[in-house]
Amino acid sequence: MCSSDLLFWNHPQGKRSERAASRELDRAWTTLQRDPEFVELALPADEADAFLADARVLLANYFVLEDPAAVHAIGVELGVEFGHDGMRLRGIIDRLDLTPEGELIVVDYKTGRAPSERFEQGSLIGVQTYALLCERLLGRAPVQVRLFHLREPVVITAEATMQTIRGQDKRTTAVWQAISRACDKEDFRPRVGPLCNYCHFKPNCPAFAAA
């Protein structure tokens, strides 16, 4: 529901109520009915109702996590892109906030379950990449990155420092180099794991060819 989020943050800070957010969700839902990709899904009425009801739950959970009246969002659904040495990074930052002290904070919304404490750091790789992109494109790094897991609801926060940004830069470059080598050699080895059981391409995967 990106359009409802965009419209909600256009409301003045004192008018960002849960009721206002619900109205924007209703408007977005009405617009979605004319979206060709949504129409193509041909969802039965009960599934469509469940989809909207779930969105309402996530919306209500957002207001548990923070008071939007206290947030100064300077960007919502920001498209960012940066190229370097043949590598091109691009993404969409859900929200970029400005603190009263003039610092930047990157916020990313998640609708799935929050990871366990063991996997928290791994879940932050995406938003740390956004921190890297901010530093490259804006000339300044955010001080924090935040994951808003709306299902629970819970917020996972991490500091963004020059050290973490340099580390993310090295990690991203290493991944790109590995991809380039795999493309050159046409060597794409599958990595089997529990999520394979939910993959639609499992019947065509060479890891399961002998099964």
Side-chain angles (χ1 to χ4, degrees), residues 1-2 5 32 35-44 46-48 50-55 57-58 77-95 106-137 145-158 160 163-211:
M1 295 295 181
C2 296
D5 193 44
L32 189 63
D35 184 281
E37 292 185 3
F38 182 78
V39 172
E40 189 177 352
L41 292 176
L43 292 179
D46 59 335
E47 292 186 18
F51 185 83
L52 179 58
D54 187 56
V57 170
L58 298 177
E77 295 296 321
L78 288 173
V80 288
E81 184 173 340
F82 177 77
H84 178 65
D85 286 343
M87 175 179 66
R88 185 159 297 277
L89 293 175
R90 63 165 62 95
I92 298 177
I93 298 177
D94 287 345
R95 204 178 82 206
V106 171
V107 175
D108 197 48
Y109 302 115
K110 299 296 183 184
T111 57
R113 294 288 180 186
S116 65
E117 186 175 347
R118 176 185 173 188
F119 297 104
E120 276 188 6
Q121 290 305 309
S123 71
L124 290 162
I125 290 176
V127 281
Q128 289 289 11
T129 301
Y130 290 148
L132 169 63
L133 285 166
C134 283
E135 195 273 335
R136 294 292 187 267
L137 296 172
V145 293
R146 296 176 180 172
L147 286 179
F148 279 44
H149 284 274
L150 302 177
R151 184 69 56 189
E152 267 75 2
V154 65
V155 178
I156 298 176
T157 301
Q163 181 179 359
T164 62
I165 288 175
R166 283 195 299 269
Q168 188 63 27
D169 188 19
K170 291 180 180 179
R171 185 181 300 110
T172 303
T173 300
V175 170
W176 174 251
Q177 290 173 346
I179 292 173
S180 298
R181 287 194 298 270
C183 289
D184 291 340
K185 298 178 181 179
E186 295 188 0
D187 181 10
F188 303 100
R189 301 177 188 180
R191 185 171 63 180
V192 177
L195 294 180
C196 293
N197 294 324
Y198 303 94
C199 179
H200 293 294
F201 297 98
K202 183 178 178 180
N204 302 313
C205 179
F208 298 93

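Computation of the quantities below employed the complete heavy-atom set of this structure, encompassing side-chain atoms and omitting hydrogens, waters and symmetry-equivalent molecules.
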Check the pair E47 / L41 against side chain to side chain contact (heavy atoms under 4.5 Å, CB included), numbers first and verdict last.
CA-CA 11 Å; E47 292 186 18; L41 292 176; over 6 Å; no
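- The CZ atom of F51 lies 6.5 Å from the CG atom of L32; values are rounded to the nearest 0.5 Å.
- Counting all heavy atoms, side chain and backbone alike, I92 lies closest to E77 at CG2-OE1, 3.3 Å.
- Here the shortest heavy-atom pairing between R151 and D54 reads NH1-OD1, 2.5 Å.
- Side-chain contact check for L133 versus Y130: some heavy-atom pair is nearer than 4.5 Å.
- In this structure, the side chains of E81 and L89 stay at 4.5 Å or more apart for every pair of heavy atoms.
- For F201, the CZ atom counts as loosely surrounded, since its 6.0 Å shell holds 12 or fewer non-hydrogen atoms of other residues, nucleotides or ligands.
- Residues H149 and P115 form a side-chain contact, since some pair of their non-hydrogen atoms from C-beta on lies under 4.5 Å apart.
- Of the N and O atoms on the side chains of Q168 and R171, at least one donor lies less than 3.5 Å from an acceptor on the other residue.
- Taking CD1 from I125 and CG from L132, the interatomic distance works out to 13.0 Å, rounded to the nearest 0.5 Å.
- When all heavy atoms of Y109 and D94 are compared, the pair lying nearest together is N-OD2, 2.8 Å.
- Closest heavy-atom contact between I156 and S123: CD1-OG, 4.3 Å.
- Taking a cutoff of 4.0 Å between a charged side-chain nitrogen and a carboxylate oxygen, R95 and D108 do not qualify as a salt bridge.
- Between the OG1 atom of T157 and the CZ atom of F148 there is a distance of 7.0 Å, given to the nearest 0.5 Å.
- Minimum interatomic distance between C196 and R191 (heavy atoms only, all atoms of both residues): SG-O, 4.2 Å.
- Across all their heavy atoms, V145 and A160 have their closest contact at CG1-CB, 4.4 Å.
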